[in-house]
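To keep things clear, I will list the structure first and then write my remarks on it.
Note that ligands are numbered from 1 as they come in the structure, with each ligand's atoms numbered from 1 the same way. In what follows, every heavy atom counts, from backbone to side chain, and hydrogens, waters and symmetry copies are set aside.
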Amino acid sequence: MLTLAIIKPDAVKNRLTGKILAHLEADGFVVRAARLVKLTVAEAESFYEVHRARPFFRPLVTFMTSGPALALALERDDAVMRLRDVIGATDPAEAKPGTVRKLYAESKERNAIHASDSPENAAREVGFFFAERELRGL
Ligand code: ATP
Ligand code: MG
């Protein structure tokens with residue numbers, strides 16, 4: 001199955017893209033589609049629509065539009081839950097040792113990577129970034 005990851009603007013800016021991709025590939029994920037994108041405000045608002053009422057919504061949109069981010073469609077067995085495990089808790093201070101956020105995140109907001117949180121959201125989020133013709137690979 002597929003899930004959606006985004007290597008966030010903090011990690012791209014800090015030149016951690018390669019290290020994070022290597023970590024995910026070593027954990028068993030296969031890259032099925034990838035694109036570097038600088039999201040518009042409207043796109044980031046739409047992507048994070050479920051968080052619109054949260055106090056962190058506006059700063060989150062500002063951060064996610066602050067520079068290029070790398071969208072990835074990743075495949076493996078049980079991809080959604082396994083990716084959540086390997087990225088770690090939202091706040092790197094609470095993330096387990098060896099997780100992507102513990103290793104590479106700056107803070108709870110600038111936390112290096114996004115991962116879909118359910119199979120339904122994974123399908124929506126993969127479709128948000130990628131067209132069917134980009135997912136035919138392998
Ligand atoms: P993501 O959706 O990016 O994979 P997540 O599922 O761990 O992260 P969510 O609760 O969906 O966390 O929040 C989305 C994003 O909003 C977080 O990754 C983080 O960047 C930001 N965020 C969440 N909670 C806070 C907070 N209390 N303060 C600042 N930023 C926050
Ligand atoms: Mg989330």
Side-chain angles (χ1 to χ4, degrees):
M1 75 186 288
L2 286 178
T3 192
L4 192 280
I6 305 173
I7 299 180
K8 293 186 178 184
D10 59 319
V12 173
K13 183 165 174 248
N14 292 333
R15 294 189 279 181
L16 295 168
T17 302
K19 284 189 170 135
I20 293 172
L21 265 179
H23 192 110
L24 299 177
E25 289 188 328
D27 201 72
F29 292 90
V30 176
V31 177
R32 291 293 306 272
R35 190 186 303 111
L36 197 71
V37 281
K38 188 163 186 290
L39 292 173
T40 66
V41 169
E43 286 165 349
E45 286 177 350
S46 170
F47 185 80
Y48 280 117
E49 185 61 42
V50 296
H51 295 313
R52 190 174 280 275
R54 305 286 192 91
F56 59 81
F57 180 72
R58 192 49 51 191
L60 175 62
V61 167
T62 300
F63 165 55
M64 289 301 289
T65 57
S66 65
L70 186 69
L72 301 164
L74 299 175
E75 184 169 52
R76 68 166 300 172
D77 293 348
D78 200 15
V80 173
M81 286 311 138
R82 284 175 179 268
L83 187 61
R84 296 295 297 187
D85 282 348
V86 75
I87 74 173
T90 308
D91 184 344
E94 292 165 15
K96 287 185 187 149
T99 58
V100 172
R101 283 168 167 165
K102 177 59 96 186
L103 288 167
Y104 302 120
E106 293 181 2
S107 67
K108 187 169 187 177
E109 179 180 275
R110 301 173 66 83
N111 62 0
I113 189 164
H114 163 86
S116 306
D117 61 7
S118 69
E120 298 72 30
N121 283 339
R124 179 184 89 85
E125 293 179 1
V126 169
F128 186 94
F129 283 99
F130 300 108
E132 189 276 331
R133 70 180 158 73
E134 294 172 285
L135 299 166
R136 281 179 211 145
L138 299 193

Let me have the donor-acceptor pairs involving side chains of residues 85-92, under 3.5 Å, with sequence neighbours excluded, atom names and distances please.
unit_1, atom_1, unit_2, atom_2, d
Asp91, OD1, Ala93, N, 2.9

Extract all donor-acceptor atom pairs below 3.5 Å that involve side chains of residues 12-26 and protein atoms in other chains or at least two apart in sequence.
unit_1, atom_1, unit_2, atom_2, d
Asn14, ND2, Asp10, O, 3.1
Asn14, ND2, Glu106, OE2, 2.6
His23, NE2, Gly98, O, 3.4

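Protein residues with a heavy atom closer than 4.0 Å to ligand 1 are Lys8, Tyr48, His51, Phe56, Leu60, Arg84, Thr90, Arg101, Lys108, Glu109, Asn111, His114, Ala115, listed by chain and number.
Among residues two or more places apart in sequence or in another chain, the side-chain hydrogen bond (donor to acceptor under 3.5 Å, both in side chains) test is passed with Arg35 by Glu134.
A salt bridge links Glu132 with Arg136: the distance from a Lys NZ or Arg NE/NH1/NH2 to an Asp or Glu carboxylate oxygen falls below 4.0 Å.
With rounding to the nearest 0.5 angstrom, the CD1 atom of Ile113 is 7.5 Å from the CZ atom of Arg101.
Both Val37 and Tyr48 sit in one connected hydrophobic cluster of ILVMFWY residues. Membership requires side-chain heavy atoms under 4.5 Å apart, directly or through other members.
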